[in-house]
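Whatever order the structure lists ligands and atoms in, that order sets their numbers, starting from 1. Worth knowing before you read on, the calculation uses all heavy atoms, side chains too, and leaves out hydrogens, waters and symmetry mates.
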Amino acid sequence: MLTGKRILVTSGPTHEPIDPVRYIANRSSGAQGTAIATALRDLGAEVVFVTGPAQVPAPVGVKVVRVETALQMLEAVEAALPVEAAIMAAAVADWRVANASDQKMKKTAQGFPDLHFIENPDILRTLSQHAQRPRLVVGFAAETENVIDHATAKRARKGCDWILANDVSPATGIMGGAENAVHLVTAEGVEDWPRMAKSEVADRLAQRIAQALA
Ligand code: C5P
């Protein structure tokens, strides 16, 4: 059980504005993060759920913090500390538009908007190196090839404890779908979990988190 344990979950995509009516986004539905928050809640955790604009409704019985951009998500994550564990399931945009416009960009005969990108902060890495680092930090790796190799390298690069890795090639139907097939990468090695419902992945992960924090 996780009774009384405060756990942070990030979920959903971020939206990075181009102008007041346009944004750059990704295909994350928020389904896996929402399922994880629900499973942790069901084990008694006090869940802080920081979510971008997701397609699935946020769980009830958790503290919901709604954000839009990666910068806002970082701020919300830091404001939620201290927590015992953090599960970073959000699909944070890697870049934002440096020259986003305050006014709606107009279509002109002169050509196309000249958008410039800058890198967003890596929230998972920032949290893994934070003075108030949670005891357990879990990241995700959505890959389309060499899933295990990339996830193992990512675990080291980000400085998190576990990586839950999955193959998001369009043929798998995982992104936006109801099922997931994941590999849990830890300091001890790699566990391959069979394909199962995202809710089952969430339940299994929540059990593992409960064991790790016991
Ligand atoms: O580097 P990549 O985006 O593949 O890493 C995925 C993991 O890092 C996920 O856990 C995601 O939530 C987290 N992440 C983050 N901040 C970013 C990019 C990714 O927290 N700017």
Side-chain angles (χ1 to χ4, degrees), residues 7-17 23-37 40 47-56 58 65-81 83 85-98 117-130 132-134 136-169 172 174-176 180 182-186 190 193 198 201-202 205-206 208-209:
I7 302 186
L8 168 72
V9 178
T10 69
S11 185
T14 63
H15 285 181
E16 307 297 333
Y23 57 82
I24 290 169
N26 61 64
R27 293 185 191 281
S28 167
S29 65
Q32 188 62 81
T34 300
I36 291 167
L40 292 167
V47 177
V48 182
F49 185 67
V50 176
T51 180
Q55 277 154 40
V56 299
V65 183
R66 291 182 198 282
V67 298
E68 194 159 325
T69 66
L71 288 176
Q72 290 165 357
M73 187 171 278
L74 174 61
E75 200 177 311
V77 161
E78 291 192 302
L81 300 178
V83 295
I87 322 306
M88 313 296 276
V92 183
D94 290 319
W95 315 285
R96 67 179 180 277
V97 179
F117 290 88
I118 47 173
E119 211 173 328
N120 270 328
D122 191 318
I123 302 169
L124 174 59
R125 197 155 174 272
T126 304
L127 190 65
S128 297
Q129 298 171 345
H130 204 279
Q132 294 188 79
R133 186 193 197 278
L136 180 69
V137 180
V138 183
F140 282 70
E143 308 286 352
T144 57
E145 56 180 358
N146 301 330
V147 176
I148 306 279
D149 288 351
H150 283 146
T152 305
K154 190 163 290 179
R155 182 181 166 277
R157 191 167 68 244
K158 305 263 190 174
C160 59
D161 300 296
W162 300 351
I163 287 269
L164 209 65
N166 59 3
D167 183 344
V168 293
S169 313
T172 64
I174 281 173
M175 207 122 182
N180 209 346
V182 305
H183 313 269
L184 181 65
V185 181
T186 71
V190 182
W193 294 6
K198 286 183 178 173
V201 171
L205 181 66
R208 292 293 296 264
I209 293 166

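- Per-residue contacts place A90 under 4.0 angstrom from the following atoms of ligand 1 (heavy atoms of the residue considered): 11 (C), 12 (O).
- Nearest non-hydrogen protein atom to atom 21 (N) of ligand 1 is P121 O, 2.8 Å.
- Note on K154 versus D149: no salt bridge recorded, every NZ/NE/NH1/NH2 to OD/OE distance being 4.0 Å or above.
- Shown in contact with G139 at under 4.0 Å from a heavy atom are these atoms of ligand 1, numbered in order with element: 10 (O).
- The protein heavy atom nearest to atom 20 (O) of ligand 1 is L124 N, 2.8 Å.
- Annotation: atom 10 (O) of ligand 1 to nearest protein heavy atom, M88 O, 2.6 Å.
- Within 6.0 Å of atom CD in E143, more than 12 heavy atoms from other residues, nucleotides or ligands are found, so the atom counts as buried in its surroundings.
- Comparing heavy-atom distances from atom 2 (P) of ligand 1 across R125, H150, K154 singles out K154 as nearest.
- The closest non-hydrogen atom to atom 5 (O) of ligand 1, taken over E143, R96, K158, E119, comes from K158.
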Before giving the answer on side chain to side chain contact (heavy atoms under 4.5 Å, CB included), spell out for V67 and V50 the whole-Å C-alpha distance, their side-chain angles and the decisive distance to 0.1 Å. CA-CA 7 Å; V67 298; V50 176; 4.2 Å; yes

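- Within the 4.5 Å cutoff, the side chain of R96 has no heavy atoms near those of the T69 side chain.
- Judged by distance alone, the side chains of H130 and E78 do bring a donor and an acceptor atom under 3.5 Å apart.
- Closest heavy-atom approach to atom 18 (C) of ligand 1 within the set N26, V92, I123: this belongs to V92.
- Looking from atom 3 (O) of ligand 1 to the surrounding protein, the closest heavy atom is D94 OD1, 4.0 Å.
- Distance CD1/I36 to CZ/F49: 9.5 Å, rounded to 0.5 Å.
- Taking distance alone, with nitrogen or oxygen atoms compared against 3.5 Å, F140 approaches ligand 1 more closely than that limit.
- Judged by distance alone, the side chains of Q32 and T34 never bring a donor and an acceptor atom under 3.5 Å apart.
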